[in-house]
Amino acid sequence: MDILQPTMVFCFSSTQKPMSIVQFRRPRDLRSRSGIAVVPQNITHQLFDEIPLWDTFAWNNLIQTHLSNGDFRYVLSTYGQMLLRGVRPDRHTLPRVVSATRLLGDLSIGKQVHGQALKLGFSSDQYAITALIEMYGHLDSVDMAKLIFDKSPHHNLVSWTLLARLYIVQGKPSLALDLFHRMVDVGVLVDPVALATATSACGLLKSLQQGKLVHEIARRCGLEYDVLVSNSLLKMYIDCDSLKDARFVFDQMPSKDVISWTLVIRSYVRIGGFNEGLKLFRQMNLDGMKPDSLSIASILPACGRIASHKQGQEIHGYMLRNGIYSNLKVKNALMDMYVKSGAITCSSNIFAELNEKDVISWTVMIMGYSLHGRGKLGVELFHQMEKNSKTQLDDTTYAAILHACGTARMVDEGKFYFNRIRSPTMAHCALMVSLLARAGLFDEAMVFIEEHKIGKHAEVQRKLLEGCRIHRQYALGKRVVEQLCNLEPLNAENYVLLSNWYAGCGKWHMVDKLRETIRDMGLKPRKAYSWIVFRNKVHVFGTGDVSHPRSGRIYSELQRFMEEMRVQMVEPIWDFRLHDVDEERECIQTGHSELLAISFGLISSQDGPVRVTKNLRICHGSHEFAKFISKMSRREIILKDPNTFHHFSDGFCSCDDY
DNA sequence: ATAGGGTTAG
């Protein structure tokens, strides 16, 4: 094929309109006399006739306009006309035409243009070379790009950086870094973009040592505090898991932009520093930096994780008020925030209004329903997803559907989906064990564990224990706990479980012995806490806590419910055999932290749900008591524990006592 | 001409 053939270059699609040539528009040219819009070719032809043949500048201008409008085929057709009419392309023409072939993804035309560049004598032009490097790099290979680079008479900063970038895209960061150091060695003056490219290579290599070397070069060039360079350094230190260095860079930055803030906020959120993340987010606002959709998508997971319904809602409100563009990523993050902070209805409202959904949207909702005890809805949603969209499922989606089957106790469906997973992960297997154990199918669970050889994983044993707890399988439960002590001898929680088991059978000498063991090993069992947000303050309660200013009223309210319960002949439950908190066994029921938080919630507000979060699992007795309270007080209580959300309402719980 | 930040994972 020859690019000079007009048939080849005039390949307009009928739907495309020549919007881009508006600057050459003359009223009488645009419409034919009959008033019918003329076809693009005609307009273009007429326009070509208007451009003087000697005026290369005007032709370049037209090419540039097409290029920036994304009309790459017009670039080629204009270029074709130039050649056809004998207009001489200059050094401004070829780079743009080469870029157009790259963006079109057409290597063969690109090669033809390259040939013409050689013929016309532009092969050593800096701009033509960079365009060619990029074209070959994207459409052919990095090796081909390297060849152009090597053959070019002189290398400039941009061609060095471009080639390095190509190596990074190809997953070869160490080659990119080599190139950067060679460039520095031959004495090319580096700029912020070159430094940013080298820094990101270090991040990909996770090499702190290399990163610090580039940091030193940046310092020597006096570019350390350039905002692009600082941000890349920040990201590099985060990628290398050195939050300490990242924070140092951040604190030193004389001027931070929204990207700097987002980077550092996200890095705290990722390692679980939710409060620090929120603190920084507030600081960003105080510093007058307006959050955008990307920074908001980074902070929302923190709101979800600490189940701070209020803060997440405030951020959502801020977005609506300030018209912050919210794309699917942000909406997914919002949905997940509402799921994790106990407001499943808010997430399903957002979900219902989505006009496009990706795999994450579906996964968040399936998992969301399941976490809120509505596994069946989650399974239904999965069916809907398979019917309505060609979403490519991933491991997380399968984990969500297995979780939903577990919550809904849909064993056959769970097995069906498990068998569909091409290579099940440990998490998938553990979810299957959970599904079988929760359904009381212990023999089958044991066979499954045996078949998949996963008995050595504490995660799996804990799922098994969950089933034992639900179905009061105390003999099997004890064997599982002993197994856990063997698998994780340094996990205090396992000894607490064992100790509670012995306490349940009145074997107090064993309880004492275990307590000694825990102490001698220097282990510290986790303490139970519950918290509730009231008037933008977090109120935290420990077991038997009396430090709250309204403590008297909190306890008397619980006492009142307790007496009521006795009158109604409801027996309090004292079964701590498979419970994993031991301080609670020794505390009166009304001293359990979740009940203190619930009571505080009830006395400090008149209506609306009471939202409480607990760091450890709720015990059986408190669960029963909370059901009773919800009935007597006619209030909805939403309690989040590490595994699930319990919605207590009118004497029932959404978890169906599982 | 080359460039730094975002969502699920029970």
Side-chain angles (χ1 to χ4, degrees), chain A residues 67 92 95-96 98-99 102 125-134 137 156-166 168 190-200 203 226-236 238-239 256-267 269-270 291-301 304-305 326-337 339-340 347 358-368 370-372 393-400 402-404 406-407 425 427-428 430-431 434 459 462-463 466 640-645:
Chain A
L67 188 63
H92 297 283
R96 294 182 168 88
V98 173
S99 298
R102 165 172 60 86
D125 176 74
Q126 290 294 327
Y127 284 77
I129 288 163
T130 50
L132 285 167
I133 288 175
E134 226 188 338
N156 73 358
L157 181 62
V158 177
S159 57
W160 280 103
T161 309
L162 255 172
L163 196 58
R165 185 82 227 152
L166 284 171
I168 288 177
V190 298
D191 75 342
V193 183
L195 281 164
T197 308
T199 318
S200 84
D226 174 274
V227 74
L228 174 63
V229 175
S230 302
N231 284 348
S232 332
L233 288 168
L234 202 52
K235 174 147 168 47
M236 178 273 293
I238 293 166
D239 288 344
K256 308 169 172 71
D257 66 5
V258 68
I259 295 179
S260 335
W261 284 99
T262 307
L263 273 165
V264 77
I265 287 172
R266 192 180 126 68
S267 68
V269 173
R270 209 179 44 181
D292 62 1
S293 59
L294 279 85
S295 50
I296 283 175
S298 306
I299 195 62
L300 284 172
R305 293 306 173 82
S326 98
N327 54 23
L328 190 55
K329 283 192 170 99
V330 181
K331 284 177 182 160
N332 288 343
L334 270 172
M335 276 157 41
D336 190 60
M337 178 276 293
V339 162
K340 300 290 159 62
S347 357
D358 66 3
V359 66
I360 295 180
S361 329
W362 291 100
T363 308
V364 163
M365 277 323 283
I366 293 169
M367 191 64 204
S370 187
L371 283 172
H372 285 267
L393 306 190
D394 61 12
D395 282 352
T396 316
T397 323
Y398 278 114
L402 292 180
H403 195 274
T407 307
T425 62
H428 292 137
L431 282 161
S434 168
E459 193 189 344
R462 264 191 279 273
K463 300 284 187 199
E466 208 178 277
K640 179 188 199 260
D641 78 3
N643 295 313
T644 191
F645 284 91

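Numbers restart at 1 for each chain; the letters A, B, ... are given by sequence-line order, proteins then strands. All figures in this text were calculated on a predicted structure; none of them were measured in a lab.
Heavy atoms of Val227(A) sit under 4.0 angstrom from at least one base atom. Residue-level contact check: Thr397(A) touches neither bases nor backbone, having no heavy atom under 4.0 Å from any strand. When heavy atoms are screened at a 4.0 angstrom cut-off, Val229(A) is found touching no nucleic acid atom at all. Here Val258(A) lies in heavy-atom contact (under 4.0 Å) with a base. Contacts of Leu371(A) with the nucleic acid, taken as non-hydrogen atoms under 4.0 Å apart, include base atoms. As judged by a 4.0 angstrom heavy-atom cut-off over every strand, Ser298(A) is placed among residues touching the sugar-phosphate backbone only. Val193(A) comes within 4.0 angstrom of a base, heavy atoms only. Among the heavy atoms of the strands lying under 4.0 Å from Lys463(A) are primed sugar atoms or P, OP1, OP2 only; no base atom is included. Residue contacts for Thr199(A): at a heavy-atom cut-off of 4.0 Å it reaches no nucleic acid atom on any strand shown.
For the pair Lys331(A) NZ and dT7(B) C1', the interatomic distance rounds to 13 Å; values are reported in whole Å. If you take CE of Met337(A) and C1' of dT8(B), they are 15 Å apart, rounded to a whole angstrom. What separates CD1 of Ile366(A) from P of dT7(B) is a distance of 20 Å, to the nearest Å. Taking atom CG on Asp191(A) and atom P on dG4(B), their separation rounds to 13 Å, with Å as the unit. Between Asp239(A) atom CG and dG4(B) atom P the separation is 12 Å, expressed in whole Å. A straight line from NZ of Lys256(A) to C1' of dG5(B) spans 16 Å, rounded to a whole angstrom. The interatomic distance linking Ile259(A) (CD1) with dG5(B) (P) rounds to 7 Å, in whole Å. The distance between atom CD1 of Ile296(A) and atom P of dG5(B), rounded to the nearest whole Å, is 19 Å.
Side chains of Val364(A) and Ser347(A) form no contact here, defined as non-hydrogen atoms less than 4.5 Å apart.
Taking every side-chain heavy atom of Thr363(A) into account, dT8(B) is the closest of dT7(B), dT8(B), dA3(B). In the set dG6(B), dG5(B), dT8(B), dG6(B) carries the atom at the smallest distance from any side-chain atom of Asn327(A). Taking only side-chain atoms of Tyr127(A), from C-beta outward, the nucleotide of dT8(B), dA1(B), dG6(B) with the closest atom is dA1(B). Of all nucleotides listed (dT8(B), dG5(B), dG6(B)), dG5(B) comes nearest to the side chain of Leu263(A). Of all nucleotides listed (dT8(B), dG6(B), dT2(B)), dT2(B) comes nearest to the side chain of Glu134(A). Closest approach to the Lys340(A) side chain among dT2(B), dT7(B), dT8(B) is made by dT8(B) (side chain taken as heavy atoms from C-beta onward). Set against dG4(B), dT7(B), dA1(B), the side chain of Arg165(A) has dG4(B) as its closest nucleotide. Listed nucleotides dA9(B), dA1(B), dT7(B) differ in distance to Asn332(A); the shortest reach to its side chain belongs to dT7(B). Minimum atom distance to the side chain of Asp292(A) is reached by dG5(B), of the listed dG6(B), dG5(B), dT2(B).
Residue Val269(A) comes nearest to Pro301(A) through the heavy atom pair CG1-CB, 4.2 Å, listed as atom of the first residue, atom of the second, then distance. Pairing each heavy atom of Met337(A) with each of Leu300(A), the nearest pair is CG-O, 3.8 Å. Between Ser99(A) and Ala131(A), the shortest heavy-atom contact is OG-CB, 4.2 Å.
The phosphate of dA1(B) has neither OP1 nor OP2 within less than 4.0 Å of any side-chain N or O from Arg96(A). For Lys235(A) and dG5(B), the shortest distance from a side-chain N or O to OP1 or OP2 is below 4.0 Å. Taking side-chain N and O atoms only, Lys329(A) has no distance below 4.0 Å to OP1 or OP2 of dG5(B). The shortest distance between the side-chain N/O atoms of Arg305(A) and the OP1/OP2 oxygens of dA9(B) is below 4.0 Å.
For Thr262(A) against dG5(B), a side-chain-to-base donor-acceptor contact under 3.5 Å is present. Taking 3.5 Å as the limit, the base of dA1(B) and the side chain of Asn156(A) contain a donor-acceptor pair of atoms between them. A donor and an acceptor atom never sit less than 3.5 Å apart when one is taken from the side chain of Asp257(A) and the other from the base of dG5(B).
No donor-acceptor contact under 3.5 angstrom links the side chains of Thr262(A) and Ser298(A), judged on distance only.
A side chain to side chain contact (heavy atoms under 4.5 Å, CB included) with Asn332(A) is found for one member of Ile360(A), Val359(A), Thr363(A) and no other, namely Ile360(A).
Aromatic ring orientation, His372(A) versus Phe645(A): parallel (interplanar angle below 30°, classes split at 30° and 60°).
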